[in-house]
Amino acid sequence: MEGTRKGLYVQVGVLSRLSSHRDSVVRAHHIYNLKKSRFGVSSNIQSHVANCSSALFFFFFSTHSPSLAKSTAKTTKPTSTKTTKSSPTSSTKISKASTKTSSAKTEQPTIDTKPNNIMTRVLCVAEKPSIAKAVAQHLSGGQYQTANTSDKYTKNYSFTFNFGPGLGDSNVTMTAVRGHLTTAEFPPTYKSWSHPPPDSLFDAPITTVTTPDCKAIARNIETLARSSSVLIVWTDCDREGEHIGSEIRDAALKGNRNIQVRRARFSNVERGHILSAARRLVALDQRQVDAVAARIELDLRIGFAFTRFLTNNLRGLGGPMGELMISYGSCQFPTLGFVVDRYFRVKNFVPEAFWSIKLVHEREGMKVSFGWARNRLFDRAAVTILYERCLRAREAVVKKVQEKPTKKWKPLPLTTVELQKMATRFLRMTGQQAMTVAEKLYNKGFISYPRTETDRFDKGMNLRGLVEKQFPDGRWGAFARELIEGGRFNQPRQGKNDDKAHPPIHPITYAAPTVLDEQERKVYEFVVRRFLACCSDDAKGMATDVEVGYGEEMFAAHGVIVLERNYLDVYPYENWTGTAMLPKFEVGERFEPTEAMMTEGKTSPPSYLTEADLIALMDANGIGTDATMAEHIEKIQERQYVVTVPRGGGGGAGGAEEDNEPPPAAGRGRGRGRGRGGRAARGGRGGARGGGAGGGGGGDGVKEFIPTSLGVALIMGFDRMSFEISLGKPFLRKETELMMKAICEGRSTKQEFLQSNIHQYRTVYHQSSAELNTLKAACRQYVFNNGNGQ
DNA sequence: GCAAGGTC
């Protein structure tokens, strides 16, 4: 019963792709059958977003005079006696900057002793140095001072800025972290992999410590906080950003436990947007912080517990498994599960013969192919009878001729997932590489933030301005100009997704090809072309449908003439195929077909997953984030759970019973490397595909994923256990995701989340221990190629 | 030695 796996998951594009596959027929459909979350699946995530009442805004600083008076001595004394705590050790960098820029009104470190100081001292912290710099640039109008910190990537920018009512004129220091500041870990007493036993990690204490690499950054924030009365968090507006904000807050509170904490909400670093974010501060959203904290804790516990469990127990089997690290991760396993699932669907595919009738008629020098309305039947005798009836009729009759306008829709605005998929298809890059390059382009200011789920542009965005920036280009400049000056600009389509944090990926400024390396050029070109395509118009054409009756059977021909290519002119990644003109036919006319034949075919198996398929599956099932999906894919290769092979060149991977070639052993040669060694070892065996595809192609540079014998053993081992939820299935992670949303929306709490999830995984752990033999048997069967593993 | 999530 291999390949008949518990449960179903969201299959992306599989059905449509299979059914459109040359000669394939899908008999057993896997369909969306996601277990219902106890929290429901409401997608309304807006509610929390605006939960920071702006009314709150005035209160915090009401003790400060909102008065601007830089020079008026008569202002309220900064009642933030809070700041008076600040020690005289405050950074000299700050005082240097502030004395310079504020008419010596606020000499450091005398802020606490000079009642007349009316300049609020504000500490701003961004999620990354590039944002700190960009924001500092905008807020200061370019008038800022730069100071190095002991972290080589991070700088402190000092300037003055008027935050408007509330904060007013302020001395600002802007700095950054580099992502998360802290990491969760177990106490040293849990260091051993054997005792206390791994399941103790489900309730072991967890400590949050500053990541060693980030110590200098944390100290910088702590020090700056001492001399600041207000902290403004400038992290990305997504869940993780909110949590990073809380880490920044905690670091700042260490330096100054009375510092007031505010948050700026911004989704791009365009000047006007930043300025308005600075004047509309909100509070940190503790719910989002909690949701992420819950996720961090759960992933740590189950990742460590199951990794130790698997490694401890399976290494004992010796041989190729003797020294492996067999990790479990809440994203790794479902990702592996997708690869294994598809592998078995290919392997277990049984081709079926089918028959069909085809009609061809030549007219006006054109050969028109008519397809059978019944498409094909799996009964040869029946088709033979129908075919003979057709022939007896001799003449076909035109029943219907219809001409109607049709169009091919322009693409949706670009998301991260789509960028990765397109890059693996058209740019000869892995998703990981595409992201690295996109990140570089982003840091250089050429494109917007590349990690976004949003596929709709904000109504207020000045898209025309962005199109205009592309005028200078020799390749698409004329197209861009035509959009604006030729009046052919069209508002992009509105997708259904909005992460409320970042806009779709789009070009920010023009980058001449000479300033980019080859990889950057490819990605930048794609981003620009996609953007221009979005701002263009759908391609338009005229479709002709001709239906004819032949005997008692109906046949149809379809033709399209492209009238306006529009976006296709700038977007070579798509084409409008099937572009063919049909000769004239008139309703009622009769003709004797040039050819009428009965054809025979065989259904063919689906293909193995490409990286684009895998990313799409992960996306649809909530496995990983747009930023990490490519990493999980790398990780399961590094762990030797899967390998990639050139498309069409793949063969069976992890052993099937009848597979008498030794499987590409996990750990053979113990290579930790990147796990790709397996590829070279693979011949082009067709597994159960009955030959055919083996060996041949792979010329298009697209890779396919197949599991190793170890990968198959792990997934099958868990699948064969008696309990309902398999670790290799995406349900658990999907549920985690939904429960995080529930926390964000106030429908659940961190405590509830942890209680229920930890209980669930602990149960799975104990059941897995009880049925360890099932898992071992699967390893013997697949990895050691030892019969049925008994 | 182990996760996933940020970012460099």
Side-chain angles (χ1 to χ4, degrees), chain A residues 125-133 151-155 176-186 190-194 198-199 201-202 204 206 208 210-211 213-214 216-217 235-248 288-289 291-315 323-335 416 432 435-440 442-444 449-451 501-502 618 622-636 638-639 672 727 732-733 736-737 740 757 761:
Chain A
V125 186
E127 186 164 322
K128 39 192 167 273
S130 60
I131 293 287
K133 186 173 186 179
D151 176 76
K152 67 172 176 177
Y153 298 103
T154 314
K155 293 187 167 34
V177 291
R178 277 160 30 224
H180 286 284
L181 260 185
T182 61
T183 184
E185 59 180 40
F186 293 110
Y190 290 85
K191 213 173 163 220
S192 160
W193 281 45
S194 48
D199 68 331
L201 298 178
F202 287 117
I206 287 180
T208 299
T210 304
T211 312
D213 285 357
C214 297
I217 297 176
T235 50
D236 295 349
C237 276
D238 49 27
R239 257 185 344 219
E240 295 294 331
E242 214 66 17
H243 190 272
I244 293 167
S246 78
E247 296 169 49
I248 294 168
Q288 292 191 57
V289 174
V292 172
R295 192 267 308 154
I296 289 172
E297 181 174 333
L298 183 69
D299 282 338
L300 177 70
R301 292 189 190 283
I302 65 178
F304 276 41
F306 279 102
T307 298
R308 290 179 181 186
F309 168 79
L310 288 171
T311 307
N312 286 347
N313 286 301
L314 298 181
R315 276 188 185 177
E323 300 188 50
L324 283 181
M325 153 84 66
I326 305 175
S327 64
Y328 166 82
S330 56
C331 292
Q332 289 178 30
F333 257 50
T335 307
T416 304
Q432 183 78 294
M435 285 312 291
T436 307
V437 176
E439 184 73 28
K440 276 207 251 167
Y442 163 68
N443 284 326
K444 291 179 181 176
Y449 192 64
R451 289 190 279 269
H502 307 286
M618 294 172 76
I623 307 302
T625 67
D626 44 13
T628 59
M629 280 184 248
E631 285 171 30
H632 299 308
I633 294 173
E634 290 243 317
K635 179 69 86 183
I636 60 172
E638 185 186 324
R639 292 278 185 258
R672 271 220 11 128
L727 289 184
L732 288 176
R733 184 66 200 189
T736 305
E737 192 61 31
M740 283 175 76
N757 273 288
Y761 279 98

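The sequence lines fix the lettering, A, B, ..., with proteins before strands; numbering per chain opens at 1.
- When each of A:Asp299 and A:Asn443 is assigned the nucleotide of DNA chain B with its nearest heavy atom, A:Asp299 is the one assigned upstream, toward the 5' end.
- Within 4.0 Å of A:Arg301, counting heavy atoms only, lies no atom of the nucleic acid at all.
- Considering only side-chain atoms of A:Arg178, the nucleotide from B:dT7, B:dC8, B:dA4 that sits closest is B:dC8.
- Checking the phosphate oxygens (OP1, OP2) of B:dA4, no side-chain nitrogen or oxygen of A:Thr625 falls inside 4.0 Å.
- Residue A:Thr628 places at least one side-chain N or O closer than 4.0 Å to OP1 or OP2 of B:dG5.
- Atom P of nucleotide B:dG6 and atom CD of A:Gln288 are separated by 13 Å, given to the nearest angstrom.
- Out of B:dA3, B:dG5, B:dT7, the shortest distance to the side chain of A:Arg451 is found at B:dT7.
- Residue-level contact check: A:Tyr761 touches neither bases nor backbone, having no heavy atom under 4.0 Å from any strand.
- Atom CD of A:Glu737 and atom C1' of B:dA3 are 15 Å apart (whole Å).
- OP1 or OP2 of B:dA3 has at least one side-chain nitrogen or oxygen of A:Arg639 nearer than 4.0 Å.
- Atom CD1 of A:Ile633 and atom P of B:dA4 are 13 Å apart (whole Å).
- Side-chain N/O atoms of A:Ser330 and A:Arg733 include a donor and acceptor closer than 3.5 Å.
- Taking only side-chain nitrogens and oxygens, A:Arg733 comes nearer than 4.0 Å to OP1 or OP2 of B:dG5.
- Taking every side-chain heavy atom of A:Arg308 into account, B:dC2 is the closest of B:dT7, B:dC2, B:dA4.
- Stacking of the aromatic ring of A:Phe304 onto the base of B:dA3 is not found under the criterion of centres within 5.5 Å and planes under 30°.
- Pairing each heavy atom of A:Ala438 with each of A:Pro450, the nearest pair is CB-CB, 3.7 Å.
- Between the CZ atom of A:Phe186 and the P atom of B:dG1 there is a distance of 16 Å, rounded to whole Å.
- Residue-level contact check: A:Gly241 touches neither bases nor backbone, having no heavy atom under 4.0 Å from any strand.
- Taking the six-membered ring for Trp and thresholds of 30 and 60 degrees, A:Phe306 and A:Phe309 have ring planes more than 60 degrees apart, a perpendicular arrangement.
- In this structure, CD of A:Gln432 is placed 14 Å from C1' of B:dA4, rounded to the nearest angstrom.
- Using a 4.0 Å heavy-atom criterion, one finds that A:Thr183 contacts the bases of the nucleic acid, with or without backbone contacts as well.
- A distance cut-off of 5.5 Å between ring centres, combined with a plane angle under 30°, leaves A:Tyr328 outside any stacking arrangement with the base of B:dC2.
- Neither OP1 nor OP2 of B:dA4 sits under 4.0 Å from any side-chain N or O of A:His180.
- Heavy atoms of A:His243 sit nowhere under 4.0 angstrom from any nucleic acid atom.
- Using a 4.0 Å heavy-atom distance criterion, A:Ala627 is classed as a sugar-phosphate-only contact.
- Of the two residues contacting DNA chain B, namely A:Asn312 and A:Gly179, the nearest-nucleotide position lying further toward the 5' end is that of A:Asn312.
- Comparing B:dT7, B:dA3, B:dG5 by their closest approach to the side chain of A:Asp236 singles out B:dT7.
- A:Glu631 and A:Lys635 are not joined by a salt bridge, as no carboxylate oxygen comes within less than 4.0 angstrom of a charged side-chain nitrogen.
- Across all strands shown, A:Pro129 has heavy atoms under 4.0 Å from sugar-phosphate atoms exclusively, and none from any base.
- Across the protein-nucleic acid pair, A:Glu631 atom CD and B:dA4 atom P stand 10 Å apart, rounded to whole Å.
- In terms of the salt bridge (charged side-chain N to carboxylate O under 4.0 Å, His left out) criterion, residue partners of A:Asp151 (sequence neighbours excluded) are, by chain and number, A:Arg178.
- Taking each heavy atom of A:Ala184 and A:Ile296 in turn, the nearest pair found is CB-CG2, 3.8 Å.
- Between A:Glu240 atom CD and B:dT7 atom C1' there is a gap of 12 Å when expressed in whole angstrom units.
- Summarising the geometry, the separation between CD on A:Glu185 and P on B:dA4 is reported as 17 Å, rounded to the nearest angstrom.
- Note that the CG atom of A:Asp236 and the NZ atom of A:Lys128 stand 3.5 Å from one another [nearest 0.5 Å].
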